[in-house]
Amino acid sequence: MAVTGDETETGSTGDMTSYQLGNPTSSIPQKTSGPHHSQTSLEEALKKRELRLMKNREAARECRRKKKEYVNCLEKRMEILENQNKTLIAEIKALKDIYHHKE
DNA sequence: AACAAATAGCGTCATCTGGC
DNA sequence: GCCAGATGACGCTATTTGTT
């Protein structure tokens with residue numbers, strides 16, 4: 001619901017935490033061996049980072065989806081077991097009643 | 001209607017984990 | 001040991017819900 005999916009990247013929702021702000025390339029190696037070479041390697045590093053972020057974004061979504069499904073299953077199972085429990089309790093009560101009326 | 005608190009969902013980072 | 005994928009934790013926005 002929140003956040004309409006299509007505003008990814010470049011901190012569009014302003015939810016970058018302090019350590020994420022500033023230099024998005026901070027985790028990228030900054031070797032300088034010639035102007036052209038460093039430029040391309042920087043571009044490559046940025047591309048690599050974007051790819052990594054994109055993959056992790058997808059992974060996080062999938063992870064949450066699976067977790068939600070798991071919790072839903074547990075809740076359904078709980079409901080079934082609670083009903084079974086009620087039925088069994090009622091059965092026990094009925095059997096006890098029969099037993100006591102025989103006395 | 002206006003507001004606050006609660007809830008849901010997202011993106012990112014750090015860390016864990018299993019396969020190679 | 002390295003790497004990719006999975007997941008917990010965090011901070012954030014948007015939506016829903018209850019209260020005045």
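Every chain is numbered from 1, with letters handed out A, B, ... down the list of sequences.
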Are [X] and [Y] close enough that some pair of their side-chain heavy atoms sits under 4.5 Å apart?
X	Y	result
I92(A)	K96(A)	yes
R52(A)	R49(A)	yes
R65(A)	E69(A)	yes
Y70(A)	L74(A)	yes

Could you tell me whether the side chain of R64(A) has a donor or acceptor atom within less than 3.5 Å of a complementary atom in the base of dG11(B)?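 Side chain to base: pair present.
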
Without decimals, in angstroms, what is the distance between [X] [atom1] and [N] [atom2]?
X	N	atom1	atom2	answer
N56(A)	dT15(B)	CG	P	14 Å
R65(A)	dA6(C)	CZ	P	11 Å
R61(A)	dG9(B)	CZ	C1'	10 Å
E62(A)	dG11(B)	CD	P	14 Å
E58(A)	dG9(B)	CD	P	17 Å
M54(A)	dA4(C)	CE	C1'	14 Å
R52(A)	dT15(B)	CZ	C1'	13 Å
N72(A)	dA8(B)	CG	C1'	13 Å

Has [X] got a side-chain N or O lying under 4.0 Å from the OP1 or OP2 atom of [N]?
X	N	result
K68(A)	dG9(B)	yes
R57(A)	dT12(B)	yes
K55(A)	dG5(C)	yes

